[in-house]
Amino acid sequence: MEHNIKKRSSFSGGIGFVLAAAGSAVGLGNLWRFPYLAAQYGGGIFILVYIILALTFGFALMSTEIAIGRKTKQSPGLAYKTLHKKFGFLGYLAALVPIIILPYYCVIGGWVVKYMVTFVSGQGLSAAEDTFFPTFIGDTGSPLIYYAIFLGFTAIIILLGVNKGIEKISKFLMPLLLLLSVVIVIYVFTLPNAAEGIKYYLLPDFSKFSVMTVCAAMGQMFFSMSLAMGIMITYGSYSRNDVNLTKSVNQIEIFDTIVALLSGFMVVPAVYIFSGEAGTKASGAGLMFVTLPKVFEQMNGGVFIGALFFVLVFLAALTSSISVMEAIVSSFMDRFKLSRTKSSVICLIICVAMGIPSSLGNGIWSHIKLLGMDFLTFFDYLSNSLLMPFVALCTTILVGWIVGPDVVTDEITKNGEKMGRKKLYRIMVRYVAPILLVIILISYSLAQFGIITM
């Protein structure tokens with residue numbers, strides 16, 4: 001292991017690590033999933049539950065993964081085995097998650113590129129037509145072209161490496177992403193009747209609070225923070241030993257939560273003003289690619305704001321896809337002793353092989369179903385609803401009960417830094433987090449098959 005540690009790339013310091021990890025956390029989940037969930041589950045009460053979970057559940061899981069990465073200086077495929085030989089299988093599962101996610105994530109990233117190009121070129125009004133989105137994703141060639149463009153951007157940055165690629169682009173994109181978010185939010189605040197939309201977004205509706213509110217907030221926080229994908233372990237392995245991990249985790253949590261809240265401010269009040277409460281209920285692709293273009297059409301200067309918005313979404317999607325691809329490439333490099341270039345090429349081949357069905361599943365292959373789902377939905381269900389909660393559950397069992405929480409807390413405090421929530425961490429990783437993860441695993445599986453409604 002010493003040989004690998006000496007050769008391993010690393011971030012130049014704490015800022016580079018935090019911005020890269022925050023870039024992974026801030027993605028499509030923040031910009032199109034958080035707003036509709038907040039609207040659906042009572043606005044302020046959902047936000048309150050989300051913040052509490054991020055500071056407890058999210059803190060415990062993120063601290064665990066980053067500490068495992070820095071302690072072992074390995075990607076997920078070998079990190080778990082280094083901690084405990086019998087948990088080596090977990091490394092393979094953790095490495096499998098990003099392999100499943102990256103292809104369909106890049107397909108959706110291609111959709112974002114299409115809308116960004118449409119709005120930036122001044123053709124944004126055409127995107128508001130009812131037939132625009134279904135016609136586009138149902139086509140054969142166009143979605144594949146935009147998919148290839150988005151995947152190409154991601155691959156180029158990965159090929160440049162940790163310092164010249166991931167860290168450098170993150171230091172540029174993350175402040176730009178935050179700036180664009182603030183600009184759009186300020187514009188939304190100036191819209192007529194904006195106060196009503198903000199009120200709808202922020203004020204808690206306690207009548208809508210339920211166990212499903214907690215489940216939805218847990219799921220959003222879980223996916224938003226890039227947990228159980230091998231990403232935080234990979235980035236932790238690139239972190240220098242003198243980086244304050246507690247401070248870094250806090251900063252990543254704060255950045256991710258701020259962008260999520262700003263996303264809600266960008267989307268929910270505007271949709272509420274122009275489309276009413278019914279418009280806020282649109283979920284996923286329906287909200288971003290169908291409802292929002294209609295909202296931009298009705299705004300003064302909507303084409304310009306729409307262009308800014310989809311540039312913002314593109315940047316967020318790109319920073320996340322970079323982290324997912326790096327988790328795969330890093331695993332290949334560590335496991336098979338391959339160069340970055342060879343690992344990236346293998347990753348691209350896998351991504352193309354799985355991405356094409358994910359794209360064509362909305363068009364000429366729409367008749368092919370896996371457990372009643374199209375390819376993209378199936379891959380999303382397999383990774384997000386099954387593998388990720390299972391990997392996280394096994395991780396809490398490993399750290400909480402097999403090797404002991406001291407493995408993580410000692411790694412975090414080995415340079416004399418304090419871990420302010422140390423007692424909370426022990427309780428979360430041993431008792432609370434496993435229970436919450438079982439709830440996520442069950443509820444999301446039941447929701448996927450329509451047994452319950454999320």
Side-chain angles (χ1 to χ4, degrees), residues 17-18 21-22 24-25 53-84 86-95 97-98 218 221-239 241 243-253 256 323 327 330-331 387-415 417-438 440-441:
F17 166 64
V18 168
S24 171
L53 287 172
L55 294 175
T56 54
F57 180 60
F59 164 76
L61 291 181
M62 185 175 288
S63 296
T64 298
E65 294 193 10
I66 292 176
I68 288 174
R70 192 174 76 172
K71 179 178 179 63
T72 63
K73 293 299 181 185
Q74 300 282 357
S75 58
L78 296 176
Y80 285 104
K81 187 176 181 179
T82 303
L83 281 185
H84 197 285
K86 291 185 178 180
F87 277 76
F89 75 94
L90 200 53
Y92 293 105
L93 289 180
V97 172
M218 277 196 296
M221 182 280 309
F222 189 76
F223 306 134
S224 175
M225 290 185 173
S226 297
L227 301 172
M229 302 182 196
I231 294 170
M232 292 303 166
I233 292 178
T234 301
Y235 279 12
S237 73
Y238 296 149
S239 173
N241 289 331
V243 170
N244 187 314
L245 290 191
T246 299
K247 183 178 178 181
S248 297
V249 170
N250 290 340
Q251 290 171 341
I252 295 166
E253 284 184 317
D256 179 73
S323 65
S330 177
S331 291
L387 288 178
M388 286 166 58
F390 181 73
V391 168
L393 176 62
C394 291
T395 300
T396 59
I397 293 172
L398 170 63
V399 173
W401 297 97
I402 307 300
V403 299
D406 286 346
V407 168
V408 170
T409 58
D410 288 350
E411 175 64 27
I412 291 175
T413 59
K414 70 179 182 181
N415 295 319
E417 66 181 82
K418 294 181 179 179
M419 188 177 180
R421 287 174 278 177
K422 190 173 183 178
K423 291 183 179 178
L424 173 65
Y425 173 79
R426 290 177 175 275
I427 294 172
M428 289 299 302
V429 79
R430 299 195 71 182
Y431 305 106
V432 181
I435 294 172
L436 294 180
L437 286 163
V438 170
I440 290 177
L441 190 62

Taking the side chain as everything from C-beta on, heavy atoms only, tell me whether Lys81 gets closer than 4.5 Å to Phe87. no

Rounding to 0.5 Å, atoms CG (Leu61) and OG1 (Thr56) come to a distance of 9.5 Å

According to side-chain contact (heavy atoms from CB on, under 4.5 Å), who are the partners of Lys86, at least two apart in sequence or on a separate chain? His84

Please check: side-chain N/O of Gln251 versus main-chain N/O of Val18, any donor-acceptor pairing under 3.5 Å? no

Please round to the nearest 0.5 Å and tell me the distance separating atom OH of Tyr238 and atom OG of Ser75. 7.5 Å

Side-chain contact test, heavy atoms from C-beta onward, threshold under 4.5 Å: evaluate it for Pro76 versus Ser331 and give yes or no. yes

Please examine the side chains of Leu245 and Ser239, heavy atoms only from C-beta on, and report whether any two atoms are closer than 4.5 Å. yes

Let me confirm one number: the CD1-CD1 distance from Ile435 to Ile440, rounded to the nearest 0.5 Å. 12.5 Å

Heavy atoms, side chains only, cut-off 4.5 Å: are Val429 and Val408 in contact? no

Which residues satisfy the ring pair (Phe, Tyr, Trp, His ring centres under 6.0 Å) test with Tyr92, sequence neighbours excluded? none

Would Val407 and Val399 count as a side-chain contact (heavy atoms from CB on, under 4.5 Å) if you check the C-alpha gap in whole Å, the side-chain angles of each, and the deciding distance to 0.1 Å? CA-CA 7 Å; Val407 168; Val399 173; 5.6 Å; no

Table please: side-chain donor-acceptor pairs of residues 387-397 below 3.5 Å, with sequence neighbours left out.
| unit_1 | atom_1 | unit_2 | atom_2 | d |
| --- | --- | --- | --- | --- |
| Thr395 | OG1 | Tyr80 | OH | 2.9 |
| Thr395 | OG1 | Val391 | O | 2.7 |
| Thr396 | OG1 | Leu393 | O | 2.6 |

I'd like to check the salt bridge (Lys or Arg N to Asp or Glu O under 4.0 Å) partners of Lys247; sequence neighbours left out, ordered by chain and number. none

With heavy-atom distances below 4.5 Å as the criterion, would you say the side chains of Met428 and Phe59 are in contact? no

Scan for salt bridge (charged side-chain N to carboxylate O under 4.0 Å, His left out) pairs involving residues 394-407, sequence neighbours excluded, and state none if there are none. Asp406-Arg426

Please evaluate residues Lys71 and Leu83 with respect to the criterion side-chain contact (heavy atoms from CB on, under 4.5 Å), reporting the C-alpha separation (whole Å), side-chain torsions for both, the decisive distance (0.1 Å), and the verdict. CA-CA 9 Å; Lys71 179 178 179 63; Leu83 281 185; 4.3 Å; yes

Looking only at heavy atoms, the pair that brings Glu417 and Thr246 closest together is OE2-N, 3.3 Å

Closest approach of Glu65 and Leu227, non-hydrogen atoms and distance? OE2-C, 3.8 Å

Residues in side-chain contact (heavy atoms from CB on, under 4.5 Å) with Ala79, at least two apart? Ile68, Thr72, Gln74, Ile233

Reported CE-to-OG distance for the pair Met232 and Ser237, which is rounded to 0.5 angstrom: 12.0 Å

Rounded distance [0.5 Å steps], CD1 in Ile66 versus OG1 in Thr234: 11.0 Å

Under 3.5 Å, which donor-acceptor pairs link side chains of residues 418-425 to any protein atom two or more places apart or in another chain?
| unit_1 | atom_1 | unit_2 | atom_2 | d |
| --- | --- | --- | --- | --- |
| Arg421 | NH1 | Leu55 | O | 2.7 |
| Arg421 | NH2 | Asn250 | OD1 | 2.3 |
| Tyr425 | OH | Thr64 | OG1 | 2.6 |

If the condition is side-chain contact (heavy atoms from CB on, under 4.5 Å), which residues does Asn415 pass it with, not counting sequence neighbours? Arg70

Looking at CG of Leu436 and CG of Leu53, how far apart are the two atoms once the value is rounded to the nearest 0.5 Å? 7.0 Å

Residues two or more places apart in sequence or in another chain: which of them pass side chain to side chain donor-acceptor pair (under 3.5 Å) with Ser226? Ser24

